[in-house]
Amino acid sequence: MTWSVSARGAQQPDNTAFTQQRLPAWQPLLSAGITLPLFFCAGLAFIGLGLGLFYSSNGIKELEYDYTGNPGTGNCTLCATEGQGRAPPPNCSCAWYFSLPELFPGPVYLYYELSNFYQNNRRYGVSRDDAQLSGLASALRHPANECAPYQISATGLPIAPCGAIANSLFNDTFTLWHQRLPGGPYVEVPLDRTAIAWWTDYHVKFRNPPLVNGSLKLAFSGTAPPPNWHRPVYELSPDPNNTGFINQDFVVWMRTAALPTFRKLYARIRQGNYSAGLPRGAYIVNITYNYPVRSFGGHKLIIFSNISWMGGKNPFLGIAYLVVGSLCILMGFVMLVVYIRYQDQDDDDNDDE
Amino acid sequence: MSLNEREDEDKHTEDKERILMANDRKFNALFDYPDNSIKTSKYSLFNFLPMNLFEQFQRLANAYFLVLLFLQLIPQISSLAWYTTVIPLIVVLSITGVKDAIDDVKRHQSDKQVNNRSVLVLVDGRVEEDKWMNVQVGDIIKLENDHPVTADVLLLSSSEPYGLAYIETADLDGETNLKVKQAISVTSDMEDNLELLSAFNGEIRCEPPNNKLDKFSGILNYLGVNYFLDHDRLLLRGCIIRNTDWCYGLVIYTGPDTKLMQNGGKSTFKRTHIDHLMNVLVVWIFLVLGAMCLLLSIGHGIWESNKGYFFQEFLPWQHYIASSTTSSALVFWSYFIVLNTMVPISLYVSVEIIRLGNSYYINWDRQMFYAPKNTPAQARTTTLNEELGQVKYVFSDKTGTLTENVMIFNKCSINGKTYGYSYDANGQCVPVSLNNKVDFSYNHLADPKFSFYDNTLVEAVKSEDHFVCLFFRCLSLCHTVMSEEKVEGKLVYQAQSPDEGALVTATRNFGFVFCSRTSETITVIEMGETRVYQLLAILDFSNERKRMSVVVRTPEDRVMLFCKGADTILYELLHPSCASLSEVTMDHLDLLGATAIEDKLQIGVPETIVTLSKAKIKVWVLTGDKQETAVNIAYSCRIFKDEMDEVFMVEGTDQETVLQELRTARKKMKPESLLESDPINICLARKPKMPFRVIDEAPNGDYGLVINGYSLAYALEGNMELELLRTACMCKGVICCRMTPLQKTQVVDLVKRYKKVVTLAIGDGANDIGMIKAAHIGVGISGHEGMQAMLNSDFSFCQFRYLQRLLLVHGRWSYNRMCKFLSYFFYKNFAFTLVHFWYAFYNGFSAQTVYDTWFITCYNLVYTSLPVLGLSLFEKDVNETCSLCYPELYEPGQHNLYFNKKEFLKCLVHGIYSSCVLFFVPMGTIFNSERSDGKDISDYQSFSLLVQSTLIWVMTMQIALRTNTWTMISHAFTWGSLGLYFCILLFLCSDGLCLMFPSTFYFLGVTRNNLKQPQMWLCLILSTVLCVIPVIGYNFLKPLLWPINVDKVLERIHFCLKHPLPLPVQAKIKHPGLRRSAYAFSHKQGFGDLITSGKTMKSSAFKTSKRPL
């Protein structure tokens, strides 16, 4: 391609700063006087910040338990072996016993963690129909092709919610029991299962299809639940504000993870006696073991954690800041040494000249 | 050849012959000649889209993205939405398309305007006005003064005597001097008799249309007699009729068949080194891309068999996937799509825009505007800018390029007395100034532009000194100048060479006014008295004879021979005793006098050459002039210096001598270069087939070389050319004289071929066209020798001294900008794309992209395009004053230090590093992490948003680091783009948009949720710093640890800028007195032939002779 510049017959060019390339300009120069202090200051700032981050992350308490049920890892082994190779796996319960010697300061959050689970696989990630999930009636009946093979059920009905993500909805459930005094009764700790999804997801992005005669069931009539589900989507919860596509567990699940190991919020513990945290004592987590992960080498974990001003426990940022800060200072020193040596040499050279 | 074949061939040529009959449209219609409308436009309204698209998709890059688009449409491998490719492609195609369309509309308009011009056509014995496009072959048309010629027509008759018609061919070949065409006598007798013209029924057989401007052959059969026709009878379309009131012509070629149209349309494209490099790099990128795709697809195969197979409970394989091998084959193409941004779609279009912008700067530069001619510099080719910053060899013409080619009659010597020095009232020699300019007011025919400073000559003329008068009489008679009187009393001379014009003009001012000539007479007004000389003979100037003579019979009935010519030639012809003028013999001429014509060096030439040589640019002068002149000029414009160790002369007239002379010179400069251990000799001994690169050799001092054309003919022969090249390249300055245009081209080509460096040829005349076209960059000086050189050049301006500005300022900036642009552009795409590669290891090699599809669509097009354009249009590392004061700054371009394969690899490594940071830091940040309200943010969309925001920040910082000059526009572009990114991001994640198109925009609320989180910003800062710190460190340490020459200069400049001291003033080079003594005589043959040829024809009085005296 060529561009033609036609200047024939042109008179004297305009005398503007632009055409004469004389636009007023600021010409900063990264001289030694700026660069070296910059490195040292940045290094110090980073180390300071890193220390703060590191300590605040370290201050966060976490308690986790792998209940995958691999042989010899506790009482979920039974459930794991029972469910092996059976689809759907039978209902099975197991429990995790633990005790807290002191208060686990609140607010406490209960997470489940899956590993080796590729929610970020491209084919998995696209296997959903956002139009359907946003409550579009037409999309409800005609799920997107990306949902295949979970687009149309064996009986020929459109699947709602369609796709591999919805089909693989995590369906283990947990209840938490607290024994305040040894030998005493176990009291169920209230788990707040509301508001665990992003506000925007729950209120804006996910919507149920328009009710038919005031009934969500009728709205979903003519659709089939995903094959792995035991109950239809409109029966996910008895609470009308937490069922259908706006079921919070479902919404959380549908926000697919970026990495093959991920945590998702299960519940918040913030009610009654437990608003300040989990008091000391013995605890049982009763687990309904439904979700198969052992076939593909996955793990399931249950985690109690509390939160600081900058979120959950994640030492990465603190350490990274410390490392980068130290590197800056180290590099600053190297540069200083080189600068002094070569500056001298330059001066010598100049003198020689 | 068999008989059959020969017959076929005969038939073939017969078919190709053009037959036409004057005034017989019916007969001519049998041959289906095209009408006279022309069509230079390419497209019409209907075929624009398909044709333009077809043309654009022939370009490799566009074709690649089209293929990519088709791949994306295959659902089995499509890993990116189709619009990620379509939108950028449409933008790129439409930018080019719009530009093509604008060009074509202009062509349509000009076609329409040309086709609708009116012309007088002879129809049924009457002259009627018609449109150009309706003119047919065989029509007779009437052309009037100052009108353009309608088609290629055979001149039948004209208002001028002998059927002459004068034309100007500026549009055709750029020459502005008049040319003469002459009708054959049988037709010119018809004059403007319409009856005769209408009855004219000559039949013409001529050659088929071709593009040779100076060739035509045909036969006119009229009344049974054959007349031979050649190109002197043909008026070509595009010429303009001058000095001819009217003429009639027979249309022979029309419209697309005309020589003008046959010549159009083919131009050779010059490609820059960077272009070639870019193509190589794109191939490299393809290889890297292929390797990565292969690696990832292997990874995918392994993952699918180890993990994916078992994960089928939640993610079953598609029904068409039989095994992990099939899957990995498909994923190869999926990754091919995902990683396609390695090959930057907007690279080529951006490069074009940048070059265009930098070309405009050249056009706009007021310091390259030449006020006396009202001509700005002009970038005629807009694709070579950065190469201006890499020039190593400059080949310059002499006359008109280094010198002004304005011949000034400066001094003369008559009868042993020298005139031309300026004297004051006391008879003291004083420097020339306007005050002592000679007053020519006594002569109303004087040319006011002529100035002379010696009154003694005028007095001598006035006192009718015999020798002085004879001297001027000689000058007013012995020439081939044509005169015309455009305005009453104002003579305009048309001279074939500026020397001749200068002499005749000077003579005119002193009172010997050449008025007019016929083929038999010359009319001169001598001091107010009209004298008519009988012209008996003209022996015109030729390059061999180097002189011209006239024989005239004076009004007093004396026969005199006047001769003028080059000094060396005339010396031989002179009478040994030149004392007596009455003694005119056949063998010996008598010396009347000598003239000194000065062709001044252009202003600033020595300074420019010194600056260029400081910039390590070698200047070679290639001239047709003689050796003495060329060497003198070389000294005066500082190509040769007195302090040089030696100037070698190569003047051998046979191969042996030339070889010997070259070898001797080389032995002196670098004795070891003749040894067999010399690397070049070793290389030569291997007899490589391909031209290899001859490395630079350092001589042991400063040398110059002069070689003349005869020797050069031997030196340019096969095995000698390397000898010549090696010897010449070791010299500081090289002068080649007595060169033919072809030799100029050969020399340029030789250097180009073996040195593999950028060459620039600069010249002003038609004899420079060859080298202008051959060199990487051709510069035309729009001077006095027509516009042909300029029309064939890539850049043109009026003065040689603008060359230093073109190279050291514009060229250097363009090169630096282009290099900065390229290294940033490749880097930004590597950093952008390679993130996908790292992510592959965490998502089962499933061709999952890290970014949102809209981000991928907009990245090159919207988010990062303006800052990089700003950088490459406004960046200046040092200002123009420094560029000119420190020519050393030019050197990195010559060695292509700022962007080469090594720099590209640095970009690649830097890109890999940045992509690592860009992937792993955000990954560490979001891994199992929660927000301060306990909700998780390790989801894919948050991660994606985090990485892309970080990327944009890093890219902004990188470009900020590369920007040395922050204009308001740079600020606006850089920070504006960053702001724009966040605006677009908010828009793309807004509720309204996402709810309207839930399947296309599905990042609802991600911006709001994430940008509130402190760890997101902490991650952003960390990544940005991690990406920027090494660059700052590298930039800091590089000039200290691995300094190149420029670094010290830059340091000094920065020091000077900080501590303002007066910049070292460029030493004004004293103009050494011009030593040029030789007589540079006309190189072109004059009008002699034409003048004498008129004799054979009818004689009629010239109109000019009726002028009142």
Side-chain angles (χ1 to χ4, degrees), chain A residues 1-5 7 10-13 15 19-21 23 25-27 29-30 35 109 118 120-125 130-131 134 149 164 168 198 200 204-205 255-260 262-265 268 292 295-296 307 309-312 314 316-317 320-321 324 328 331 335 338-339 342, chain B residues 79 96 307 310-311 313-316 352 356 359-361 363-364 366 369 374 376 378-379 382-383 842-844 846-848 924-932 934-936 938-940 943 964-967 991 995 998-999 1002 1004-1005 1009 1014-1015 1018 1022 1026 1029 1032-1033 1036-1037 1040 1054:
Chain A
M1 175 178 8
T2 54
W3 301 79
S4 56
V5 174
Q11 305 291 309
Q12 184 165 24
N15 188 13
T19 56
Q20 302 308 309
Q21 303 199 63
L23 287 173
W26 173 56
Q27 291 194 300
L29 191 67
L30 285 177
T35 313
Y109 297 84
Y118 284 81
N120 60 3
N121 191 295
R122 177 174 57 88
R123 285 193 299 115
Y124 183 89
D130 281 296
S134 72
S168 58
W198 284 13
T200 46
V204 187
K205 189 171 183 181
R255 185 154 281 285
T256 54
L259 296 166
F262 58 90
R263 282 178 192 185
K264 290 198 178 291
L265 185 57
R268 299 183 293 166
S295 58
F296 56 89
I307 291 292
W309 61 276
M310 51 134 324
N314 185 351
F316 172 80
L317 273 180
Y321 265 85
V324 173
C328 275
M331 221 163 122
M335 282 158 65
V338 171
Y339 179 69
Y342 283 84
Chain B
S79 46
T96 316
K307 291 192 174 161
F310 303 100
F311 193 56
E313 175 153 14
F314 292 126
L315 184 63
E352 301 286 348
L356 183 71
S359 301
Y360 270 112
Y361 283 136
N363 294 348
W364 284 334
R366 283 164 74 91
F369 171 78
N374 197 17
Q378 195 184 343
T382 56
T383 52
Y842 295 88
N843 64 29
S846 59
Q848 175 69 293
T925 310
I926 63 142
F927 179 73
N928 278 352
S929 91
E930 293 94 34
R931 319 197 306 202
S932 47
K935 296 171 188 176
D936 56 276
S938 55
D939 63 292
Y940 166 72
F943 176 65
N964 284 318
T965 304
W966 286 91
T967 61
D991 294 356
L995 286 178
S999 306
Y1002 41 84
L1004 194 148
N1009 279 294
Q1015 60 263 64
L1018 287 170
L1022 182 71
L1026 256 178
I1029 282 282
I1032 299 179
F1036 181 85
L1037 292 178
L1040 293 174
H1054 293 143

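Quick note on labels: first sequence line is chain A, next is B, and so on, each numbered from 1.
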For A:S134, is it the side chain, the backbone, both, or neither that has a heavy atom closer than 4.5 Å to a heavy atom of chain B? side chain

A:L259 and B:S938, any side-chain heavy atoms less than 4.5 Å apart: no

Region of A:Y321 that comes under 4.5 Å of a non-hydrogen atom in chain B: both

Sort A:M335 into side chain, backbone, both or neither according to what part of it lies under 4.5 angstrom from a heavy atom of chain B. both

Name the orientation class of the two ring planes belonging to A:W26 and B:W966 (parallel below 30°, tilted from 30 to 60°, perpendicular beyond 60°). tilted

Any sub-3.5 Å donor-acceptor pair from A:Q20's side-chain atoms to B:R366's backbone N or O? yes

Tell me the closest heavy-atom pair linking B:F369 and B:N374, and the distance in Å. CZ-OD1, 3.1 Å

Heavy-atom distance under 4.5 Å to chain A: side chain of B:N1009, backbone, both or neither? side chain

Contact leader toward chain A among B:I1029, B:N928, B:T967, where contacts are heavy-atom pairs under 4.5 Å: B:N928

Give the minimum heavy-atom separation between A:T19 and B:Y361, together with the two atoms involved. O-CD2, 3.9 Å

A:L317 versus chain B, the contacting section by heavy-atom distance below 4.5 Å: side chain

Which atoms form the tightest heavy-atom contact between B:E930 and B:Q1015, and what is the distance? O-NE2, 3.1 Å

Between A:W198, A:W309, A:Y109, which residue shows the highest count of heavy-atom pairs closer than 4.5 Å to chain B? A:W198

Part of B:F1036 lying under 4.5 Å from any heavy atom of chain A: side chain

Most heavy-atom pairs under 4.5 Å with chain A, out of B:L995, B:I926, B:D991, B:L1004, belong to B:L1004

What part of B:L1018 is in contact with chain A, defined as an atom under 4.5 angstrom from a non-hydrogen atom: side chain, backbone, both or neither? both

So which part of A:N314 gets closer than 4.5 Å to some heavy atom of chain B, the side chain, the backbone, both or neither? side chain

Counting heavy-atom pairs under 4.5 Å with chain B, which one of A:G125, A:A131, A:P149 comes out on top? A:A131

When you compare the side chains of A:S168 and A:Y124, does any donor N or O come within less than 3.5 Å of an acceptor on the partner? yes

Separation of A:R268 CZ from A:I307 CD1 (nearest 0.5 Å): 11.5 Å

Per-residue contact mode, B:P1014 against chain A (heavy atom under 4.5 angstrom): side chain

If we only count heavy atoms from C-beta on, is the A:K205 to A:R255 side-chain gap below 4.5 Å? yes

Parallel under 30°, tilted from 30 to 60°, perpendicular over 60°: which one fits the rings of B:F311 and A:F296? perpendicular

Under 4.5 Å to a heavy atom of chain B? For A:V324 that would be side chain

With a 4.5 angstrom heavy-atom cut-off, could you sort out which part of B:L1026 is near chain A: side chain, backbone, both or neither? side chain

